[in-house]
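Because only heavy atoms are used, hydrogens play no part in the values below, and waters and symmetry mates are left out as well, while side chains stay in.
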Amino acid sequence: KTFHLALEARSRLILMNGDLLRFQLSKDDQGLRENFLRQADQLTDFIRDGIPRLATEEERRLAGRLEGAVNAYLTNAYPLLDRQVKAVRRDTAAALHQEIARLAQPPIEACEELAQAQHRSWAGLVAETRRVLGALERLLQASILMHVALALCLVLLIYRALVAPLRQELDQTRVVMERQQKLAALGTLAAGVAHELRNPLTAIKFRLFSLRQSMAGALAANEDVRVIDDEINRLERIVRDFLQFARPSEPQCEVVSAGRLLEKTRNLLQPELARRSIQLTLEETDFAEVRADPHQVDQVLINLVQNAADSIQGPGRITLRARQTTARFGGHSAAAVVLEIEDTGKGIPPEVEPRMFDPFYSTKEGGTGLGLPTAAQIVEKHGGLIQYQTQPGKGTRFQVLLPRCEANAGKNPAH
């Protein structure tokens with residue numbers, strides 16, 4: 001909650017800065033003015049409502065400081081929304097942008113301090129958990145020594161029956177904690193980089209818009225201008241990918257048909273892949289139902305199909321299918337639906353496999369390395385898992401396993 005409060009407040013402040021600058025550059029655009037005022041009310045309500053839910057006194061104190069800094073920022077920003085304002089000349093726009101950025105600097109710094117407080121709380125939790133796990137391990141070792149004193153065979157029996165599984169579970173817990181800590185740190189880094197990029201990108205985009213308005217028609221369509229605009233849009237897409245990985249949204253689940261999900265993916269991507277001589281087919285498939293967020297599952301399927309297409313050199317085939325099965329979720333077996341994407345591409349090299357799901361690792365030129373990690377994150381939030389089988393030179397099959405709806409659990413998979 002603390003990290004979300006700091007990150008969301010910073011994001012909203014940056015958006016409000018953009019509206020304030022655009023209002024000054026426009027000729028009294030009241031829509032921008034009303035949008036700024038609405039966002040200001042939402043931001044103050046968001047901070048005020050979030051403070052009581054924070055975990056520690058330090059975090060609540062820093063959030064109160066953030067609230068005061070935001071109020072001071074709004075007090076200084078409201079005069080710039082005067083209804084009688086005149087449009088700012090383009091040669092003074094840069095100075096105005098710097099002034100607005102200066103007004104927002106204190107609350108943005110307060111957001112950073114709040115995020116650091118959350119980081120300290122997380123580090124304390126990790127240290128305390130490691131201490132408890134260490135004490136548990138020492139307790140288990142003492143128990144082993146006591147049983148050794150009684151009888152060696154009894155110790156071996158207890159070790160095989162109890163200690164070994166507990167140690168394995170302890171090791172798995174450590175691995176999970178270290179991975180979560182690594183992902184949290186990467187997420188914090190990604191969010192920070194994305195927000196730092198968004199602010200100058202906004203300024204560049206506004207200046208490009210201003211230049212286009214001042215150019216003649218033929219000059220406004222200049223190739224250099226178009227390339228700059230395209231590259232700005234590409235950077236914005238990268239920023240969105242970073243933010244989506246750092247701040248994943250919770251799935252809005254509903255009952256959906258597995259077959260319909262695959263049909264939608266096929267209909268969306270089939271024309272584009274046909275132009276690349278890649279055949280995208282949907283086998284006669286199972287229409288079992290799952291509880292899932294259709295938009296997020298679409299994102300997973302589209303990412304996997306596009307990865308499959310990128311692995312195919314020349315003509316090839318991608319096959320989609322769905323079927324019912326049983327799978328182990330969280331250590332127990334349950335009815336499941338499998339969504340399969342199978343390609344005839346070059347397969348996954350053995351040296352790439354261990355790092356496939358690592359954030360920011362990509363074998364594609366210009367790739368962000370967030371496609372598969374984000375897909376795995378979405379499937380995990382749905383209580384499912386991703387599996388794959390690959391053969392270099394022959395192709396790869398990805399499987400997305402999702403829990404099946406109870407209404408379908410008793411049906412025969414053959415139907």
Applying the side-chain contact (heavy atoms from CB on, under 4.5 Å) test to Asn303, which of Asn307, Val300, Val305 qualifies? Asn307

What I want to find out is whether Asp19 reaches Arg12 closely enough, with some N-O distance under 4.0 Å, to be called a salt bridge. no

Validation row: Leu20, Met16 side chains within 4.5 angstrom (heavy atoms): no

Grab the two heavy atoms, one from Ala327 and one from Ala336, that are nearest each other, plus how far apart they are. CB-CB, 4.0 Å

Nearest heavy atoms of Val337 and Arg404, plus distance in Å: CG2-CG, 3.7 Å

Say you draw a straight line from OG1 of Thr390 to CZ of Arg397; how long is it, rounded to the nearest 0.5 Å? 11.0 Å

Report the distance from atom CD1 of Ile100 to atom CG of Asn76, rounding to the nearest 0.5 Å. 12.0 Å

Report yes if the side chains of Leu74 and Thr44 come closer than 4.5 Å at any heavy-atom pair, otherwise no. yes

Between Ala115 and Ala6 the two heavy atoms that sit nearest each other are N-CB, 3.9 Å

Side chains of Leu261 and Pro294, heavy atoms from C-beta outward: is any pair under 4.5 Å? yes

Separation of Gln39 CD from Asn35 CG (nearest 0.5 Å): 4.5 Å

Side-chain heavy-atom pair Thr374, Gln299 within 4.5 angstrom cut-off: yes

Side chains of Asp310 and Arg276 in contact at under 4.5 Å (non-hydrogen atoms): yes

Please give me the minimum heavy-atom distance between Cys111 and Leu13, naming the atom from each residue. SG-CD1, 4.4 Å

Can you find a pair of side-chain heavy atoms, one from Ile47 and one from Leu43, that are under 4.5 Å apart? yes

Specify the closest pair of heavy atoms between Pro271 and Leu268, including all atoms of both residues, with the distance to one decimal. CD-O, 3.9 Å

Considering only heavy atoms from C-beta outward, does the side chain of Val400 approach that of Leu304 to under 4.5 Å? yes

Note, His382 side chain near Gln296 side chain (heavy atom, < 4.5 Å): yes

Take Val297 and Ile378 through the side chain to side chain contact (heavy atoms under 4.5 Å, CB included) test and state the conclusion after the steps. CA-CA 8 Å; Val297 175; Ile378 291 173; 5.5 Å; no

Which value, rounded to the nearest 0.5 Å, describes the distance between Gln389 atom CD and Ile348 atom CD1? 10.0 Å

Within the side chain of Thr344, is there an N or O that forms a donor-acceptor pair under 3.5 Å with the backbone of Arg317? yes

Gap between atom CD of Glu57 and atom CG of Leu62 - 0.5 Å precision: 10.0 Å

Once rounded to the nearest 0.5 Å, what's the spacing between atom CD1 of Ile108 and atom CD of Gln105? 5.5 Å

Salt-bridge test for Glu34 and Arg38: reply yes if a basic N is under 4.0 Å from a carboxylate O, no otherwise. no

Among Leu280, Thr265, Leu320, which residue satisfies the side-chain contact (heavy atoms from CB on, under 4.5 Å) criterion with Ile341? Leu320

Can a donor-acceptor pair be found, under 3.5 Å and without considering hydrogens, that links the side chain of Arg60 to the backbone of Leu54? yes

Heavy-atom closest contact (Ala9 atom, Leu66 atom, distance): CB-CD2, 4.1 Å

Assess whether side chain to side chain contact (heavy atoms under 4.5 Å, CB included) is satisfied between Gln252 and His295, documenting all intermediate values. CA-CA 9 Å; Gln252 304 297 317; His295 300 295; over 6 Å; no

Is the backbone of Gly395 close enough, under 3.5 Å, to the side chain of Asp343 for a donor and an acceptor to pair up by distance? no

Using the six-membered ring wherever Trp is involved, compare the ring planes of Phe46 and His4 and label them parallel, tilted or perpendicular (cut-offs 30° and 60°). perpendicular

